[in-house]
Amino acid sequence: MEALVRSLPVQPPDGSQPADDYPDTPGALLLRLLRNRNIRPRNAQILQVVGDGPYVSDSTVSMLGPGKVVITPQYVTAFAHLLGYPPGDMVALTGIGPVVEDARVHPASAEIAALAWRARLLSSKQLSQVIETADAIRHA
């Protein structure tokens, strides 16, 4: 997938990102960092699989932004691994810790985070193409 993502030309965004109305909280920071990488909070499973995040629904992760869900060290550590930050740095950014040292992190979490960083400059159409290709490879 990395080769495909690298091969695609950088395209301007499909439109301006809509502003959110989140208060300035750690949860809003985490969701904005996800959005910056074209990862939507509609997929709580990736947070769990990559960073050993809590077993919650997509809507629960979405409620971190407006502050309707309590952010725990498990969330902060999971977001750090998904986003490619050292967990201690994410604890420092959010003020919520300590780092969950025994988190069961995906062995390729660093590569997944790097791929998300590279893919942040792709358009929605390009991201759909990458997802379709990944699905075809997985089912082959």
Side-chain angles (χ1 to χ4, degrees):
M1 285 302 92
E2 183 177 348
L4 175 59
V5 169
R6 285 183 183 271
S7 73
L8 296 170
V10 172
Q11 291 189 349
D14 296 337
S16 63
Q17 286 284 343
D20 60 53
D21 58 350
Y22 299 152
D24 195 14
T25 64
L29 170 67
L30 295 174
L31 292 187
R32 288 175 184 138
L33 287 169
L34 278 185
R35 186 173 62 199
N36 178 259
R37 287 157 178 82
N38 281 330
I39 302 172
R40 301 295 178 242
R42 296 183 300 262
N43 193 345
Q45 184 180 11
I46 194 169
L47 188 63
Q48 183 186 23
V49 170
V50 174
D52 196 25
Y55 183 74
V56 296
S57 68
D58 297 343
S59 62
T60 299
V61 173
S62 294
M63 288 189 284
L64 291 170
K68 295 180 179 181
V69 170
V70 175
I71 300 175
T72 64
Q74 185 181 13
Y75 274 114
V76 174
T77 301
F79 271 91
H81 288 292
L82 178 58
L83 296 168
Y85 287 97
D89 289 357
M90 191 63 76
V91 166
L93 284 171
T94 62
I96 299 169
V99 171
V100 177
E101 298 293 344
D102 61 348
R104 295 178 318 257
V105 179
H106 192 284
S109 65
E111 292 83 2
I112 293 167
L115 183 62
W117 180 253
R118 285 186 199 95
R120 78 191 187 286
L121 299 174
L122 300 180
S123 69
S124 296
K125 185 175 180 179
Q126 289 172 314
L127 285 173
S128 293
Q129 177 186 354
V130 170
I131 291 167
E132 287 172 14
T133 302
D135 285 342
I137 290 171
R138 188 174 46 164
H139 290 95

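None of the values given here were measured: they were computed from a predicted structure. Start at 1 with the first residue, then count along the sequence.
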If you measure from CE on M90 to NE2 on H81, what distance do you get to the nearest 0.5 Å?
10.0 Å
Taking C-beta and beyond as the side chain, do D89 and P86 meet within less than 4.5 Å on heavy atoms?
yes
Evaluate side-chain contact (heavy atoms from CB on, under 4.5 Å) for V130 paired with L8, printing each intermediate quantity in order.
CA-CA 10 Å; V130 170; L8 296 170; 3.8 Å; yes
Taking atom CG of L83 and atom CZ of R37, what is their separation to the nearest 0.5 Å?
5.0 Å
Heavy-atom closest pair (V91 atom, G97 atom, distance to 0.1 Å) is CG1-CA, 3.8 Å
Ignoring hydrogens, what is the shortest heavy-atom contact between L64 and V69? Give both atom names and the distance.
CD2-CG1, 3.7 Å
Point-to-point distance, once rounded to the nearest 0.5 Å, from CZ of F79 to CG of L31:
5.5 Å
If you apply the rule side-chain contact (heavy atoms from CB on, under 4.5 Å), what do you find for I131 with S128, and how did you get there?
CA-CA 5 Å; I131 291 167; S128 293; 5.6 Å; no
So, for P87 and A80, which heavy atoms are closest and what is the spacing to 0.1 Å?
CA-CB, 3.6 Å
CD1-OH distance between I96 and Y75, expressed to the nearest 0.5 angstrom
11.5 Å
Do I71 and L29 belong together in a cluster built from hydrophobic side chains that touch within less than 4.5 Å?
yes
Counterpart residues, side-chain hydrogen bond (donor to acceptor under 3.5 Å, both in side chains), relative to D21 (two or more places apart)
none
Please test L115 against M1 for side-chain contact (heavy atoms from CB on, under 4.5 Å), starting from the C-alpha separation and ending with a verdict.
CA-CA 8 Å; L115 183 62; M1 285 302 92; 4.1 Å; yes
Contact summary for P23 and G65, nearest pair of heavy atoms
CD-O, 3.7 Å
Taking only residues at least two apart or on different chains, which pairs with a member in residues 50-70 satisfy side-chain hydrogen bond (donor to acceptor under 3.5 Å, both in side chains)?
D52-R104, S57-S59, S57-T60
Indicate the atoms forming the closest heavy-atom contact of A119 with N38, along with that distance.
O-ND2, 3.2 Å
Mark yes or no for whether Q126, through its side chain, and P9, through its backbone, hold a donor-acceptor pair below 3.5 Å.
yes
For D135, give me all partners under salt bridge (charged side-chain N to carboxylate O under 4.0 Å, His left out), at least two apart in sequence or on another chain.
R138
Shared hydrophobic cluster for I39 and V49 (ILVMFWY, side-chain gaps under 4.5 Å):
no
Those residues at least two apart in sequence (or on a different chain) that pass side-chain contact (heavy atoms from CB on, under 4.5 Å) with V50 are I46, L82, S109, I112
Side-chain heavy atoms under 4.5 angstrom apart, residues restricted to Ile, Leu, Val, Met, Phe, Trp, Tyr: same cluster for V76 and Y22?
yes
Listed by chain and number, what are the salt bridge (charged side-chain N to carboxylate O under 4.0 Å, His left out) partners of R118, not counting sequence neighbours?
E2
Atom pair CD/NE2 of Q48 and H106 - distance to nearest 0.5 Å
12.0 Å
Within the distance-only criterion (no hydrogens, no angle test), does the side chain of R120 pair as donor or acceptor with the backbone N or O of A116 below 3.5 angstrom?
no
Answer yes if M63 and L47 sit in the same cluster of Ile, Leu, Val, Met, Phe, Trp and Tyr residues linked by side chain heavy atoms under 4.5 Å apart, and no otherwise.
yes
Following the transitive rule for hydrophobic clusters with a side-chain heavy-atom cut-off under 4.5 Å over Ile, Leu, Val, Met, Phe, Trp and Tyr, establish whether L121 and L34 coincide in one cluster.
no
For D20, give me all partners under salt bridge (charged side-chain N to carboxylate O under 4.0 Å, His left out), at least two apart in sequence or on another chain.
R32, R35
